[in-house]
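First the structure, in the form of structure tokens, and then the observations on it.
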Amino acid sequence: THQPAWLLVDLAADGSAVPRWWREVGRAALEHVQLFTRTPQGEWVASGEAGAALPFRARAVEHRHFVFPVRVQPGATTSVLLRVQSARPSAINLTLWEEAALDRSANTTIALFCLYFGLAGGMLVYVTLLNVVVRDRGYLLYSGLVACTALGFAAHSGLGAQFAWGDAPWWNTRGMFTGYGTAAAFSVALTRHFLQTRERLPRIDKVLR
């Protein structure tokens, strides 16, 4: 097992600050994430645990990343401790949000991602139909490239966990590598087919294979 990383952040709030905030941990591939808040009495209060290795329903907030409520003390400093454990090295992006700002950001992000996946889906259908009509294997390879890239991006962005396979943590932790890795294989196969390296560049074709 990999040792967890601990991050301590002190939040200084003026007297007019709203008490309720939201801490976003912006890496969908982190396997275990938990937040602790220190009370004015000096006690540490733990949030529920979330992470890519857990089902989506374990999260306190339905979000593609890991979001935890944080209650700050107006006119004082509140200490927040974050525990992160993951099987591989990863950056940890932290953002502190007001509730309305978090909702606006999430809605805008989902709208942009819906546009991307809509275009990818339309392209996938179009290219697949071209393969049926033209009978060119290159179109089929390109369909695989588009589909696998979309799969990797869905896992990487956290949208796959939120909307597709939320109760299947295996895909949360491995979907990105499965999708991107398979997309790379389709990309090489498409290059071999398009450039006809088997007939024209046999030495390079051996490397590509």
Side-chain angles (χ1 to χ4, degrees), residues 1-9 11 21-37 44-71 80-99 101-118 120-121 124 144-187:
T1 58
H2 295 259
Q3 294 297 320
W6 296 84
L7 292 86
L8 178 64
V9 180
L11 305 175
W21 292 76
W22 301 89
R23 168 69 78 187
E24 177 188 1
V25 184
R27 280 288 175 177
L30 297 174
E31 295 179 1
H32 296 277
V33 183
Q34 192 170 22
L35 184 138
F36 302 82
T37 305
W44 289 99
V45 178
S47 68
E49 187 177 7
L54 302 175
F56 186 82
R57 63 176 180 271
R59 305 184 189 188
V61 179
E62 293 186 358
H63 194 279
R64 66 190 185 93
H65 290 153
F66 312 114
V67 178
F68 302 93
V70 177
R71 184 166 292 277
V80 176
L81 187 63
L82 188 71
R83 179 184 183 274
V84 178
Q85 188 171 12
S86 189
R88 58 191 60 85
S90 178
I92 302 173
N93 300 331
L94 302 178
T95 308
L96 190 66
W97 295 97
E98 289 184 323
E99 185 171 6
L102 175 63
D103 290 340
R104 288 195 301 270
S105 173
N107 291 336
T108 301
T109 301
I110 289 176
L112 292 174
F113 281 139
C114 285
L115 178 62
Y116 166 79
F117 285 108
L124 181 61
L145 172 60
V146 172
C148 292
T149 301
L151 170 64
F153 187 62
H156 190 186
S157 64
L159 290 177
Q162 185 175 1
F163 294 109
W165 56 75
D167 292 333
W170 189 94
W171 281 106
N172 294 339
T173 55
R174 298 173 178 84
M176 178 175 66
F177 304 102
T178 301
Y180 288 156
T182 311
F186 273 113
S187 178

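All figures in this text were calculated on a predicted structure; none of them were measured in a lab.
- Inter-residue side-chain proximity for Gln34 and Phe68 is flagged as unmet; no heavy-atom pair is nearer than 4.5 Å.
- For the atom pair OG (Ser105) and CH2 (Trp22), the distance works out to 14.5 Å, reported to the nearest 0.5 Å.
- Between Arg23 and Leu11 there is a side-chain heavy-atom pair separated by less than 4.5 Å.
- The closest side-chain heavy-atom distance from Leu102 to Glu99 is not below 4.5 Å.
- A distance of 13.0 Å separates CZ in Phe66 from CG in Leu35, rounded to the nearest 0.5 Å.
- Within the 4.5 Å cutoff, side-chain heavy atoms of Val25 are placed close to those of Leu94.
- Looking at Gln162, its side chain does come within 3.5 Å of a backbone N or O of Arg64 through a donor-acceptor pair.
- Nearest heavy-atom pair across Ala53 and His32 is CB-NE2, 3.8 Å.
- Nearest heavy-atom pair, Ala28 versus Ala155, reported as atom, atom and distance to 0.1 Å: CB-O, 4.1 Å.
- Contact between Pro69 and Ala60 at its shortest, heavy atoms only, is CD-CB, 4.4 Å.
- The minimum heavy-atom distance linking Ala150 with Tyr116 is given by the pair CA-OH, 4.1 Å.
- Partners of Glu24 according to the side chain to side chain donor-acceptor pair (under 3.5 Å) rule, which considers only residues two or more places apart in sequence or in another chain, are His65, Trp97.
- From Asn172, atom CG reaches atom CG of Leu54 across 9.0 Å, with rounding to the nearest 0.5 Å.
- Between Phe113 and Phe153, the ring-plane angle classifies as perpendicular under the 30° and 60° cut-offs.
- Taking every heavy atom of both residues into account, Leu30 and Val33 meet most closely at CB-CG2, 3.9 Å.
- Within the structure, the salt bridge (Lys or Arg N to Asp or Glu O under 4.0 Å) test picks out the following pairs touching residues 52-61 (sequence neighbours left out): Arg57-Asp167.
- Between the side chain of Gln85 and the backbone N or O of Glu31 there is no donor-acceptor pair closer than 3.5 Å.
- Closest approach of Phe56 and Glu62 over heavy atoms only: CZ-CA, 3.8 Å.
- Judged purely by atom type and a 3.5 angstrom limit, Arg83 has no side-chain atom pairing as donor or acceptor with the backbone of Pro4.
- How far CG of Leu82 is from OG of Ser47: 8.5 Å, rounded to the nearest 0.5 Å.
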Let me check something: any side-chain donor-acceptor pairs from residues 175-185 under 3.5 Å, sequence neighbours excluded? List them with distances.
unit_1: Thr178; atom_1: OG1; unit_2: Arg174; atom_2: O; d: 2.9
unit_1: Tyr180; atom_1: OH; unit_2: His156; atom_2: ND1; d: 3.4
unit_1: Thr182; atom_1: OG1; unit_2: Thr178; atom_2: O; d: 2.6

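- To the nearest 0.5 Å, the span separating CG on Leu112 from OG1 on Thr108 amounts to 7.0 Å.
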